[in-house]
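Step one of this worksheet: look at the structure below.
In each ligand, atom 1 is the first atom listed, and ligand 1 is the first ligand listed. Remember, it's a predicted structure, so these values are computed and weren't measured experimentally.
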Amino acid sequence: MTLTDRDRAVQAAIAQGLVSPGQPVAGFLDIPGIRRSAAELRSAFEEFTAPGAPVLHAFAVKAASLVPVLRLLAQEGLGCEVASPGELALARAAGVPARHTVLDSPAKTLAELREALALGIAVNVDNHEELARIDRMMASAPSTAPIGLRINPQLGGGAIGAMSTATDTSKFGVPLRDAGARDWIVRAFLDRPWLTRLHGHVGSQGMPLERMAEGVRALYELAEEVNEKAGRAQITTLDIGGGLPVNFSSDAVSPTYRDYAAVLRSAVPGLFSGRYGLVTEFGRSLLAKHGTVLARVEYAKWAGGRPIALTHAGAQVATRTVFAPESWPLRVAAYDAAGRPKTGAPVPQDIAGPCCFAGDLVAENRPLPLLESGDHAALLDTGAYYFSTHFAYNSLPRPGVYGYATAPDGSVRFATVRTPQTLEEITAESGGAQANELRRLGLG
Ligand SMILES: Cc1ncc(COP(=O)(O)O)c(C=O)c1O
């Protein structure tokens, strides 16, 4: 059997004790794979963009809130799209410069806005009230930070409702098709010479490329209209968001960044003319295929005639998969106690997690070689969001995350990306230092 890099990493992780009876679950990231994806993203846009036109690929930090990963991507020439003070702190800790950082989020506080403007971070304004806040800030402390307005082109949703940001009633951005909205947006630009960007993010997983491109076309046409009415190139930059869907059913990368860039070029030829700088905000598509969650099978049992593997990877790491399995199905690979791919006739079985609720299943009735206690289950394509969407139920710790690189001789080296959360850390974040505080209420 030919082993993949992932198979080798699984075997080495077990041999080196990164996954063990005492640490029964961990995450792994294929570092050369991530670098390849970053290079593919860069070259796809370079191929289509006029020479010299500025393009910033700002990685959506929500997809992997891990400082070493942000630094790796920065070394690959990427910036960060942040959507909270925490994400901004991570980008800064990774050394991502302000000029490569973009702040989105629909509920930025005054303090967040002040900090971003003072640092010179690009801010995408979500709504008219936020714009009024920025007006007051610009009047009292003018900033040269690039400021844009997020538009919802209201084109409809994709296959996953929760990921669809361009529905009529989406909470994000200024709805472009509501009565009077377009005129209001154009006026907003004409009245504010410092408003120089348009931002849109039509949606993520489950969104057809053509609809994403339609959203970008709506942005482009609006920018053209504003610039024509302004009599100058007021809008200099289009931030086209992220959202390239990921194939979760095989190892194939499909669609590719090049596929998307080609669709964009045919739907919005002017986008790459060089008249606009571009910002992208891809998250999932950069990392998903390069991550694996590896969990020990603690017990194997049967119920109602069905085999069940009780593993240590459930809702705490695969939160979306457990709560919305139709939208976020994952491939599972079976490995034996030493991390060798399991062979044997596929048997439909449940792959369950450690959480104390019945629905904590990452795969239901899935045909796989029968898992036994001491074996391992690997959740594939989990490089994006699975290490940043932790669920703290049952006070289960956030697992360690390790980067790996495989040498041509098959040897695997690991580097720690995130240490496993300790029980002391869980106790501390659960009010451990306040154990006596409730006594102050004097009720007992
Ligand atoms: C504003 C914004 N940009 C970028 C992204 C990243 O999307 P994806 O991970 O699908 O590429 C998101 C995610 O929802 C987002 O809300």
### Query
Is the shortest side-chain N to carboxylate O distance from Glu115 to Arg92 below 4.0 Å?
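Salt bridge flag = yes for Arg92 with Glu115.
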| field | Heavy atoms of other groups near Arg211 CZ, more than 12 under 6.0 Å | value | yes
Pair Phe45 + His57: ring centers closer than 6.0 Å: yes
Under 3.5 Å: N or O atoms of ligand 1 paired with protein N or O:
unit_1   : atom_1 : unit_2 : atom_2 : d
ligand 1 : 3 (N)  : Glu281 : OE1    : 2.7
ligand 1 : 7 (O)  : Ser204 : OG     : 3.3
ligand 1 : 9 (O)  : Arg284 : N      : 2.8
ligand 1 : 9 (O)  : Tyr385 : OH     : 2.6
ligand 1 : 10 (O) : Ser204 : OG     : 2.8
ligand 1 : 10 (O) : Arg284 : NH1    : 3.3
ligand 1 : 11 (O) : Gly243 : N      : 2.8
ligand 1 : 11 (O) : Gly283 : N      : 2.9

Distance-only donor-acceptor check, side chains [X] and [Y], under 3.5 Å:
X	Y	result
Tyr335	Asp7	yes
Asp178	Gln154	yes
Glu281	His199	yes

